Novice: 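Can you keep this structure in mind? I'll have questions shortly.
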2 protein chains.
Amino acid sequence: MKMLTKTHPTVPAYRRIQSEIQALIESGELKAGDTVRSERGLARTHGVSLMTARHALRELELDGLVERHRGSGTFVAPPKIHFNKLVSFSEQMSSRGLVAQSRVLNLRVGEREHDIAARLALAADSRLVKLERLRQANGQPFGLEVCYFSAEQFPRVRRARLERRSLFTMFEQEYGIAFAYADEEVDAVAADSRAAELLQVPKGAPVLRIRQVLYSADGKPITYTLALYRSDRHSLLVRRFR
Amino acid sequence: MKMLTKTHPTVPAYRRIQSEIQALIESGELKAGDTVRSERGLARTHGVSLMTARHALRELELDGLVERHRGSGTFVAPPKIHFNKLVSFSEQMSSRGLVAQSRVLNLRVGEREHDIAARLALAADSRLVKLERLRQANGQPFGLEVCYFSAEQFPRVRRARLERRSLFTMFEQEYGIAFAYADEEVDAVAADSRAAELLQVPKGAPVLRIRQVLYSADGKPITYTLALYRSDRHSLLVRRFR
DNA sequence: AAGTGGTCTAGACCACGGC
DNA sequence: CCGTGGTCTAGACCACTTC
């Protein structure tokens with residue numbers, strides 16, 4: 001019944017313990033397979049009860065950072081490969097050791113396209129920003145992306161910035177929007193003549209089409225993107241469960 | 001300090017409480033938005049401590065079955081739409097209101113294909129079962145699937161059964177294998193003449209190619225499937241997070 | 001046997017929500 | 001104000017793994 005020793009916003013004790021261990025793992029001081037201090041050890045040195053120390057380790061387990069084995073201990077989990085993870089184009093490229101580049105082909109403000117507005121849960125005649133970019137990896141054309149979003153809600157778009165920063169970053173920094181998830185519809189289509197030329201493939205070549213709606217943390221659709229990828233340079237990885 | 005009142009395998013108290021509430025939800029007795037009994041209420045009627053009742057509700061929350069709100073209570077969560085879920089062909093079809101059919105084009109035992117054996121973590125010269133099926137929906141050709149698995153581990157394959165039961169079911173019933181997840185690599189290719197004929201599309205038409213490795217619950221790869229789908233009749237839905 | 005995680009108790013105080 | 005979930009205590013016994 002003490003409940004003292006806190007800065008006012010009262011970070012729970014189990015959170016502090018959890019963060020401390022998480023920091024050790026993220027800094028590399030604890031590597032995959034290393035044993036993590038036991039419940040009893042943590043309880044003693046942090047001056048908390050067993051249940052509280054246990055809570056901290058349980059949360060780390062739920063986050064996938066540690067594995068717990070009855071009778072033997074708690075261990076740093078092997079780094080997870082993130083499947084079905086939402087990443088920006090540049091993150092995607094750099095994780096494969098490629099240099100990402102983007103060329104803005106078109107940037108128009110004020111487009112009206114009913115079907116796309118509908119997908120973004122906007123009024124049918126809403127003004128949209130339409131941004132068309134050619135994605136390149138190591139200087140080679142890779143994909144063609146056309147992205148739409150509300151011109152009213154997001155008026156500050158500057159072409160120059162988009163050449164360097166991702167749209168992703170722009171939305172986060174300029175508008176404080178945190179993206180949470182994206183729904184993608186994937187199929188195969190034949191490249192039309194314009195796409196073929198830009199992607200440098202024969203007209204009619206099969207390309208991967210991805211139509212994506214990106215949602216913010218509060219569940220609102222923010223952008224709609226139609227993308228065509230050269231199939232020889234891009235394939236999609238999906239993990240399905242259960 | 002009692003710890004009595006148990007059948008021998010000792011189902012933990014929090015699990016019993018959890019199962020009981022889960023049953024109420026699954027049977028429809030509790031519907032989305034309904035309030036679930038409080039920690040204190042459950043503790044009293046189940047004769048357990050608050051921490052134990054709390055544990056039960058916490059697990060239900062982690063399973064996504066309930067939402068908890070401090071100060072107001074615990075509520076049945078709205079039913080979740082399962083994204084990136086592993087389902088059989090027939091489940092996939094019936095969820096769209098279509099009738100699934102399968103025609104076995106080929107069933108060969110004893111194939112040796114080094115690259116595929118490698119993907120299944122088998123010795124390079126392992127004997128494989130190769131099963132080729134034409135998938136149809138409402139009588140229309142839909143996709144072409146070639147599936148491989150170890151002939152040594154799974155010798156009991158009967159053509160007749162595969163026309164009706166899914167491979168999925170066969171593995172589960174005959175070998176007690178529970179599938180856990182699948183990794184899929186998706187791209188777009190042009191239909192070769194055989195695929196074009198079977199799928200009734202022009203030669204060279206873009207088709208969606210999915211190469212899938214299916215894993216059992218213990219993380220072992222069980223089957224490798226190469227599938228081609230008519231793009232006009234099938235598109236893949238993926239949800240990506242974060 | 002010693003140490004670990006898993007379950008559990010019988011309380012407590014707190015912050016928050018709705019009345 | 002009262003009921004709710006969130007955090008926490010100072011213990012306990014059990015099942016399991018390692019030595």
Side-chain angles (χ1 to χ4, degrees), chain A residues 1-22 24-25 30 33-77, chain B residues 1-22 24-25 30 33-77:
Chain A
M1 74 276 294
K2 38 257 35 178
M3 223 90 315
L4 33 141
T5 77
K6 299 297 159 35
T7 66
H8 250 116
T10 342
V11 178
Y14 80 92
R15 284 268 177 235
R16 288 190 296 101
I17 300 172
Q18 180 188 346
S19 305
E20 179 187 303
I21 296 170
Q22 182 164 349
L24 290 176
I25 294 172
L30 284 176
D34 288 357
T35 79
V36 176
R37 307 206 30 230
S38 73
E39 299 179 350
R40 286 164 181 80
L42 289 166
R44 194 166 28 80
T45 66
H46 285 82
V48 297
S49 81
L50 213 50
M51 285 296 288
T52 300
R54 174 173 182 67
H55 194 169
L57 292 177
R58 168 68 170 156
E59 290 293 309
L60 288 167
E61 184 185 26
L62 290 174
D63 288 348
L65 289 176
V66 305
E67 292 173 2
R68 316 193 70 198
H69 301 286
R70 165 173 5 193
S72 81
T74 298
F75 306 88
V76 178
Chain B
M1 75 266 299
K2 35 250 49 157
M3 221 93 314
L4 33 141
T5 77
K6 299 296 158 36
T7 67
H8 250 116
T10 342
V11 178
Y14 80 91
R15 284 262 177 243
R16 287 190 297 101
I17 299 172
Q18 180 188 345
S19 305
E20 178 186 303
I21 297 170
Q22 182 165 348
L24 289 176
I25 294 173
L30 285 177
D34 288 356
T35 78
V36 176
R37 307 205 31 229
S38 73
E39 298 180 349
R40 287 164 180 80
L42 290 166
R44 192 165 29 79
T45 66
H46 285 81
V48 297
S49 82
L50 213 51
M51 284 296 288
T52 300
R54 173 172 184 69
H55 193 169
L57 293 177
R58 168 68 171 155
E59 290 293 309
L60 288 167
E61 183 184 25
L62 290 174
D63 288 348
L65 289 177
V66 305
E67 291 174 1
R68 315 193 69 198
H69 299 286
R70 170 180 353 200
S72 82
T74 299
F75 306 88
V76 177

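Owing to the predicted nature of the structure, the values given are computational and were not obtained by experimental measurement. Residue numbers start from 1 in every chain, and the chains themselves are labelled A, B, ... in the order their sequence lines are given, proteins ahead of strands.
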Novice: How many Å lie between CZ on B:Arg37 and P on D:dT4, as a whole number?
Specialist: 10 Å
Novice: Applying salt bridge (charged side-chain N to carboxylate O under 4.0 Å, His left out), can you list everything that pairs with A:Glu61, at least two apart in sequence or on another chain?
Specialist: A:Arg58
Novice: 5'-most contact on DNA chain D: B:Leu57 or A:Gly71, nearest heavy atom basis?
Specialist: B:Leu57
Novice: I'd like to check the side chain to side chain donor-acceptor pair (under 3.5 Å) partners of B:Thr45; sequence neighbours left out, ordered by chain and number.
Specialist: B:Arg37
Novice: Tell me, which of residues 46-54 of chain B have any heavy atom that sits under 4.0 Å from an atom in DNA chain D?
Specialist: B:Met51, B:Arg54
Novice: To the nearest Å, how far apart are A:Phe75 CZ and C:dG3 C1'?
Specialist: 12 Å
Novice: Per the atom types in the model, does the base of C:dG5 pair as donor or acceptor with the side chain of A:Arg40 at under 3.5 Å?
Specialist: yes
Novice: Mind calculating the distance between CG (A:Leu42) and P (C:dG3) to the nearest angstrom?
Specialist: 16 Å
Novice: Residues two or more places apart in sequence or in another chain: which of them pass side chain to side chain donor-acceptor pair (under 3.5 Å) with B:His55?
Specialist: none
Novice: So does A:Thr74 get a side-chain nitrogen or oxygen closer than 4.0 Å to the phosphate oxygens (OP1/OP2) of C:dT4?
Specialist: no
Novice: Got a second to check how far B:Glu20's CD is from B:Leu60's CG, nearest 0.5 Å?
Specialist: 10.5 Å
Novice: Minimum heavy-atom separation for A:Ala56 and A:Tyr14, please, with both atom names.
Specialist: CB-O, 3.4 Å
Novice: Quick check on D:dT7: is either OP1 or OP2 less than 4.0 Å from any side-chain nitrogen or oxygen of A:Tyr14?
Specialist: yes
Novice: Apply side chain to side chain contact (heavy atoms under 4.5 Å, CB included) to B:Ser38 and list each qualifying residue two or more places apart in sequence or on a separate chain.
Specialist: B:Arg40
Novice: Using the test side chain to side chain contact (heavy atoms under 4.5 Å, CB included), find all partners of A:Ser49 that sit at least two apart in sequence or belong to another chain.
Specialist: A:Met51, A:Thr52
Novice: Between C1' on C:dT9 and CD on B:Glu39, what's the gap in Å once rounded to a whole number?
Specialist: 15 Å
Novice: Name every donor-acceptor pair, under 3.5 Å, that has one atom in a side chain of residues 62-74 of chain A and the other anywhere in the protein, sequence neighbours excluded.
Specialist:
residue : atom : partner : partner atom : Å
A:Arg68 : NE   : A:Thr74 : OG1          : 3.2
A:Arg68 : NH2  : A:Glu39 : OE2          : 2.8

Novice: Can you work out whether A:Ser72 or A:His55 has the more 5'-proximal nearest nucleotide on DNA chain D?
Specialist: A:His55
Novice: Looking at CD1 of B:Ile21 and CG of B:Leu57, how far apart are the two atoms once the value is rounded to the nearest 0.5 Å?
Specialist: 5.0 Å
Novice: Heavy atom of residues 63-70 of chain B under 4.0 Å from DNA chain C: which residues?
Specialist: B:Arg70
